[in-house]
Amino acid sequence: MSCGEGGSVEKYREAVAQWLAPVLNMPEAEVLALLRLPPDSSLGDYALPCFALARTWRRPPQQIAAELATRLALRPPFAAVVAHGPYLNITLDDAVLSREVLETILAAAEHYGEGREGQGKKVLIDYSSPNIAKELAFHHIRSTMIGHALKQILRARGYTVEGINHLGDWGTPFGLLIAAYKRFGWDAAAEVEPIVQLNALYVRATEEAARDPAFAEEGRRWFQRLEAGDAEARRCWQWFVEVSLAEFQKVYDLLGVSFEHILGESFYEPYIAETLEWLQAKGLVKESDGACIVDLSAYDMPPFMLKKQDGTTLYSTRDLAALLYRKRVMGFDCCLYVVDMGQSLHFRQLFKVLELAGCDWVRDCHHVPFGLVLMKDPDSGRWVKGSTRKGRVSLLKAVLEEAIAMAREKIAASNPTLANPDAVARQVGVGAVVFNDLKNRRIKDVKFDKEAILNPYGETGPYMQYTHARCASVLAAAPVTPGEGVDYALLREPEERALVRKLAAYPEAVASAAREWEPAIVAQHLLAIAADFNSYWTRGTKDARVRILREQDPATTAARVTLTAAVRTVLRNGLRLLGVPAPDEM
RNA sequence: GCCCCCUUAGCUCAGCGGGACAGAGCAUCGGACUUCUAAUCCGAGGGUCGCAGGUUCGAAUCCUGCAGGGGGUGCCA
């Protein structure tokens, strides 16, 4: 079942054009192109700006709008046509629209918002992709959740999507790590989690390499041995991978994120040789200062490195092999890389190399960049990129735990009788961190502000969840089943009219998010729905006539309960796409 | 030096297939809980949409230049 593509208000656009065309003496297509959305739904559902007409009609646009308003004979599904300055505003009949929208949502339920424009198309998304031997830092939330949300959003629009966690598990750093392990050993008796110890060893290895060239050389040799398949090196490395993956999995479980493929860079190691030969055969490989490169100077880009002087490969080489593997073995119609914008040059180079190699399919590969998480540098007071070495990072797990603790405290204070406070606290805490990351356009840098992340008030995850729980709570107390014997004409309050229209526009918001690879479009749309619903709900506490549940007015109650059910469905569906849990109580 | 991204209220942002008075949240101040969860809502103050040009009947939105900030820029990933 696939529902709501285009949206209900959209559906009537053509009817508007048909209606206006004869009066304007213009072809329908042209009228359609002129139609706009009024800034506020209280003004109308469609607007015809009359500026363009003013030129040909040689009259002020205000006059044209006024005249059109009198010349148009009202007919269903239109309820009003009025001139508003230079605009002609057209309003749909509330009963017709509300019925259409709410019945669609009720019938589609968890499928509302889905579409089929992606049917038959396979998308691969590379996301999360942390480096092993280090704990997940806060900034890993970005690729992980943006990628996860895009996966859900694209699936909702009919695409077949597979997520790939492209672990950074290969390269010189792991040679250094082995060297450090051999030199400094391991304290098996220590009461410290293996990942923490591994992380410490990693930091020590990097420091040592910077200080001592001999140690750096030792590390490079270990990586050479690793790449050559040396058993001892391999054994160490394998253990690093296991420790890291076990740790990552804990965080992924907390976030509700999973992958169809977890394949590290190491996985493509066996394909490196053939990839290089293939590029060689294309005549693209050049030797330069003892290294292997693809010269991209003709395209104003630095060379693409394939092999270092010491003969070992780089992440660029492995990315190349990985993409070829993805195309050849996994297959895709579109391959997305959800990676921070600091790597845009790398991807431009990567795609250019494949283009030069004659791979026309590379135009289906896209870097989906996002802004960096900036940390406040205590010395300069400036916002700069985080750095493990300088201790300028927060661990993702720690932030999540703090958020959960915040939620737990809030529950204890506000809702002490809640049945399963710990489970809900986990949902709310995680939701707070996730929504905070997805609510703004991904390209914006994120200034790490723990106060903002943990704040449960305002435009936040808890706000969205709270609104959802409010809907659930009203529905639990409702004496009627949503959608049964409803007189849709009773939904006349301004908030009701606005909500119906925003609910109607939800599928289009999901479709836009899928087109632009931008989860924030969904988040912002949900935020607007929640704001309207909360205003509506609160007005009901002051004015009994606006209450959703009215014992003395079953007909109005039935209509409002139906609207509430639809709001809840859309909030729940949207939050699910974003990876934000939606508890019924909190 | 060169390349990419960002610049809208004190702070964080939305709005950007041009169009109706530039909207939220946080913070500040003032209000609303015997009634469907106040993690809510209502109100107030606060903005020459970085600057300068250009296109247009009309520009926060499109184009050019400049400035500030962030990032990248051949052997890290």
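Order of the sequence lines fixes the chain letters, A, B, ..., with proteins taken first and strands second; residue numbering starts at 1 for each chain. As the structure is a prediction and not an experimental result, all values here were calculated from the model.
Residue contacts for P303(A): at a heavy-atom cut-off of 4.0 Å it reaches a base atom on one of the strands shown. Within the nucleic acid shown, A47(A) comes within 4.0 Å of at least one base atom, counting heavy atoms only. Residue-level contact check: I411(A) touches the bases, meaning some heavy atom is under 4.0 Å from a base atom. Among the protein residues, A469(A) comes within range of the nucleic acid bases, having at least one heavy atom under 4.0 Å from a base atom. Using a 4.0 Å heavy-atom distance criterion, S288(A) is classed as a base contact. Among the heavy atoms of the strands, none lies under 4.0 Å from A477(A). Base engagement by F51(A) is indicated by at least one non-hydrogen atom pair under 4.0 Å involving a base atom. Contact annotation for P369(A): no contact, since no heavy-atom pair falls under 4.0 Å across all strands. When heavy atoms are screened at a 4.0 angstrom cut-off, R539(A) is found touching no nucleic acid atom at all. Heavy atoms of Q343(A) sit under 4.0 angstrom from at least one base atom. Using a 4.0 Å heavy-atom criterion, one finds that D169(A) contacts no nucleic acid atom at all. Nucleic acid contact class of P39(A) (heavy atoms, under 4.0 Å, all strands): base. At the heavy-atom level, I548(A) lies under 4.0 Å from base atoms of the strands shown. Within the 4.0 angstrom heavy-atom criterion, base atoms lie near L549(A).
The distance from atom CD1 of I443(A) to atom C1' of rG70(B) is 12 Å, rounded to the nearest whole Å. Counting to the nearest Å, the C1' atom of rA39(B) and the CD1 atom of I404(A) are 17 Å from each other. Between the C1' atom of rC76(B) and the CG atom of L177(A) lies a distance of 14 Å, rounded to the nearest Å. Distance L374(A) CG to rG70(B) P: 9 Å, rounded to the nearest Å. Atom C1' of nucleotide rA39(B) and atom CG of L575(A) are separated by 14 Å, given to the nearest angstrom. Following rounding to the nearest Å, W170(A) (CH2) and rC75(B) (P) show an atom-to-atom distance of 21 Å. Rounded to an integer number of Å, the gap from R550(A) CZ to rC36(B) P is 15 Å. In this entry the distance linking CZ of R515(A) with P of rC16(B) reads 13 Å, nearest Å.
When each of L167(A), V338(A), N165(A), I262(A) is paired with S129(A), the side chain to side chain contact (heavy atoms under 4.5 Å, CB included) condition holds for N165(A) and for no other.
Between R211(A) and E208(A), at least one side-chain nitrogen of the basic residue sits less than 4.0 Å from a carboxylate oxygen of the acidic one, meeting the salt-bridge criterion. Under 4.0 Å is where a charged nitrogen must lie from a carboxylate oxygen, and between E217(A) and R220(A) at least one such pair does. Remark: E495(A) does not engage R560(A) in a salt bridge, criterion side-chain N to carboxylate O under 4.0 Å. Comment: R142(A) engages D437(A) in a salt bridge, judged by a side-chain N to carboxylate O separation of less than 4.0 angstrom. With respect to the salt-bridge test (charged N to carboxylate O, under 4.0 angstrom), the residues D449(A) and K447(A) do not qualify. Ion pairing between a basic and an acidic side chain is recognised when a charged N comes within 4.0 Å of a carboxylate O; R515(A) and E117(A) show no such pairing.
Taking atom P on both nucleotides, rC49(B) is separated from rC62(B) by 15 Å, rounded to a whole Å. Between the C1' atoms of rC63(B) and rA59(B), the separation comes to 11 Å (whole Å). Distance noted for atom C1' between rC2(B) and rG10(B): 36 Å (whole Å). Annotation: rG65(B) and rG58(B) have their P atoms spaced 24 Å apart (nearest Å).
Among the nucleotides rC36(B), rA20(B), rC76(B), the one closest to the side chain of T541(A) is rC36(B). In this structure, the nucleotide among rC26(B), rA20(B), rC76(B) sitting nearest to the side chain of Y457(A) is rC26(B). With distances taken from any side-chain atom of A291(A) to the nucleotides rC75(B), rC36(B), rA39(B), the minimum falls on rC75(B). In this structure, the nucleotide among rC41(B), rC76(B), rC75(B) sitting nearest to the side chain of N534(A) is rC41(B). Of the candidates rC36(B), rG18(B), rG72(B), rG18(B) carries the atom nearest the R36(A) side chain, counting heavy atoms from C-beta on. In the set rG74(B), rA39(B), rA20(B), rA20(B) carries the atom at the smallest distance from any side-chain atom of L43(A). Listed nucleotides rA20(B), rA38(B), rG71(B) differ in distance to W537(A); the shortest reach to its side chain belongs to rA38(B). Of the candidate nucleotides rG74(B), rU35(B), rA39(B), rU35(B) has the atom nearest to the side chain of R547(A).
Partners of H525(A) by ring-ring contact (aromatic ring centres under 6.0 Å, His included), not counting sequence neighbours: none found. The salt bridge (Lys or Arg N to Asp or Glu O under 4.0 Å) check on R318(A) picks up E265(A), with sequence neighbours excluded.
The two residues P456(A) and P462(A) make their nearest non-hydrogen contact at O-CB, 3.7 Å. Counting all heavy atoms, side chain and backbone alike, P482(A) lies closest to V561(A) at CG-CG1, 3.9 Å. For M586(A) against V428(A), the heavy-atom pair with the smallest separation is CE-CG2, 4.0 Å. Shown here for L37(A) and D45(A), the closest heavy-atom pair between the two residues is CD1-O, 3.5 Å.
For the residue pair T460(A)/K439(A), the side-chain donor-acceptor check at 3.5 Å is not satisfied. Between the side chains of D319(A) and Y337(A), not a single donor N or O lies within less than 3.5 Å of an accepting N or O.
Dashed line: the shortest gap from a side-chain N or O of S535(A) to OP1 or OP2 of rC42(B) is under 4.0 Å. Contact annotation: R470(A) side-chain N/O to rA38(B) OP1/OP2 distance is under 4.0 Å.
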Pairing string, 5' to 3', for RNA chain B - Watson-Crick or wobble contacts under 3.5 Å, brackets [ ] where pairs cross, | to another strand | (((((((..((((.....[...)))).(((((.......))))).....(((((..]....))))))))))))....

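Look at rC41(B): its glycosidic torsion is beyond 90° from 0, and that puts it in the anti range.
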Taking N or O atoms only and anything under 3.5 Å, show me the protein contacts with nucleotides 29-33 of chain B, one pair per line.
none

Within the sub-3.5 Å range, which N or O atoms of nucleotides 12-14 of chain B have a protein N or O partner, and how far apart are they?
from: rU12(B); atom 1: OP1; to: K447(A); atom 2: NZ; distance (Å): 3.4
from: rC13(B); atom 1: OP1; to: D445(A); atom 2: O; distance (Å): 3.3
from: rC13(B); atom 1: O3'; to: N440(A); atom 2: ND2; distance (Å): 3.3
from: rC13(B); atom 1: O2'; to: N440(A); atom 2: ND2; distance (Å): 2.6
from: rA14(B); atom 1: OP1; to: R441(A); atom 2: N; distance (Å): 3.1
from: rA14(B); atom 1: OP2; to: K444(A); atom 2: NZ; distance (Å): 3.0

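For rA20(B), the base has a donor-acceptor partner in the side chain of N89(A) [N/O atoms by modelled type, under 3.5 angstrom].
The list of salt bridge (charged side-chain N to carboxylate O under 4.0 Å, His left out) pairs with a residue in residues 469-482 of chain A, not counting sequence neighbours, is empty.
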